[in-house]
**Q** 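The structure's right below; bear with me while I get my questions together.
The first residue in the sequence is number 1, and the count goes up from there. Note that the coordinates shown come from a computational prediction; the quantities given were computed from them, not determined experimentally. Just so it is clear, the values below take in all heavy atoms, side chains as well, and ignore hydrogens, waters and symmetry mates. When a ligand or atom number is given, it counts from 1 through the structure's own listing order.
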Amino acid sequence: MTKTAEMQKASLRWKKAGLRVVLVPTMGALHQGHASLIRRARRLGDRVVVSSYVNPTQFNRRSDFRKYPMRPAADLNLAEHAGADVFFRPRSLYTSDASTWVEETARSRGRCGDRRPGHFRGVATVVTKLLGIVQPDVAVFGEKDLQQCEVIERLVRDLYLPVKIVRHPTIREKDGLAMSSRNLRLSPRQRVLAAVWAKAVRVAAQERGGAVPRRLRRLLQNVSGLRLEYAEVVGRHLCAAAWLGSVRLIDNRKCGLKR
Ligand code: PAF
């Protein structure tokens with residue numbers, strides 16, 4: 001389905017019939033992490049909508065937007081197999097004269113918010129649009145994007161939006177790398193480094209307090225081809241981002257757990 005009006009009509013019809021609607025918002029290039037979100041959504045309601053829209057306003061670099069992987073046919077197949085009722089793929093969610101933005105101003109600060117100016121404004125705006133179109137009872141988001149979860153929870157609370165936000169645990173590859181559509185852009189050598197990165201995040205998070213980011217910096221300082229962007233403890237989590245060439249990876253792990 002591509003038409004916003006059709007999507008909204010279908011959703012309102014389901015809700016009128018007493019069905020519980022669950023939304024899984026994505027930007028496509030679906031992987032097993034998304035499949036897990038969709039299966040969770042299936043257990044949470046009666047109708048599952050998977051949206052797929054590469055939102056231009058959340059990219060602070062044009063090149064990142066242009067290179068974002070797209071494979072709609074494979075996505076449709078994966079979404080249906082994982083249990084989606086509707087694969088909603090709007091062509092655009094911005095008219096040329098769109099002049100309304102949604103900005104969360106506390107949780108969007110620090111970490112990715114400081115390094116990607118405008119990113120969370122784009123996310124908050126598009127998620128508000130998707131919630132308005134689909135009007136779900138529940139929306140499911142992956143915890144890999146921890147700051148995004150925090151921003152969306154705050155926006156839903158502050159705007160009194162009648163939707164329950166469910167966080168779903170990060171799904172990882174066998175070597176520990178958090179699944180992400182951007183992993184598709186890694187070269188074979190970068191993919192090896194990405195596993196080193198994931199292990200370093202896991203090991204550093206076993207420390208406590210200020211030792212956590214220090215340990216991560218030390219573990220990665222001699223890894224050539226990988227540049228640590230930030231490492232911070234926020235609440236109980238180590239949150240970190242790194243660059244491998246032009247690919248930016250993020251991850252987070254609960255601190256103080258032996259794994
Ligand atoms: O996490 C994502 O894929 C995106 O940020 C989202 C929530 C679909 C908004 O474009």
**Q** Under a 4.0 Å heavy-atom limit, does I152 contact ligand 1 with its side chain, its backbone, both, or neither?
**A** neither

**Q** Any idea which protein heavy atom is nearest atom 10 (O) of ligand 1, and the distance to it?
**A** Q58 OE1, 2.6 Å

**Q** Given 3.5 Å as the limit, does a donor-acceptor pair link the side chain of Q147 with the main chain of R111, or not?
**A**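 Side chain of Q147 to backbone of R111, a donor-acceptor pair under 3.5 Å: no, none is there.
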
**Q** So, applying side chain to side chain donor-acceptor pair (under 3.5 Å) with E153, which one of Q148, R167, R107 is it?
**A** R167

**Q** Should you measure from each heavy atom of P25, which atoms of ligand 1 turn up under 4.0 Å away?
**A** 8 (C)

**Q** So F59 and F65, would you call those rings parallel, tilted or perpendicular, with 30° and 60° as cut-offs?
**A**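 Tilted: the ring planes of F59 and F65 meet at 30° to 60°.
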
**Q** Which ligand 1 atoms are under 4.0 Å away from a heavy-atom of V126?
**A**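 Those qualifying, in numeric order: 9 (C), 10 (O).
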
**Q** Looking at T26, which atoms of ligand 1 are within less than 4.0 Å of one of its heavy atoms?
**A** 8 (C)

**Q** I'd like to know if the side chain of R185 and the backbone of V247 have a donor-acceptor N/O pair within less than 3.5 Å.
**A** no

**Q** Should we count CZ of R61 as having more than 12 external heavy atoms under 6.0 Å?
**A** no

**Q** Near Q148, which atoms of ligand 1 are under 4.0 Å from a heavy atom of that residue?
**A** 1 (O), 2 (C), 4 (C), 5 (O), 7 (C)

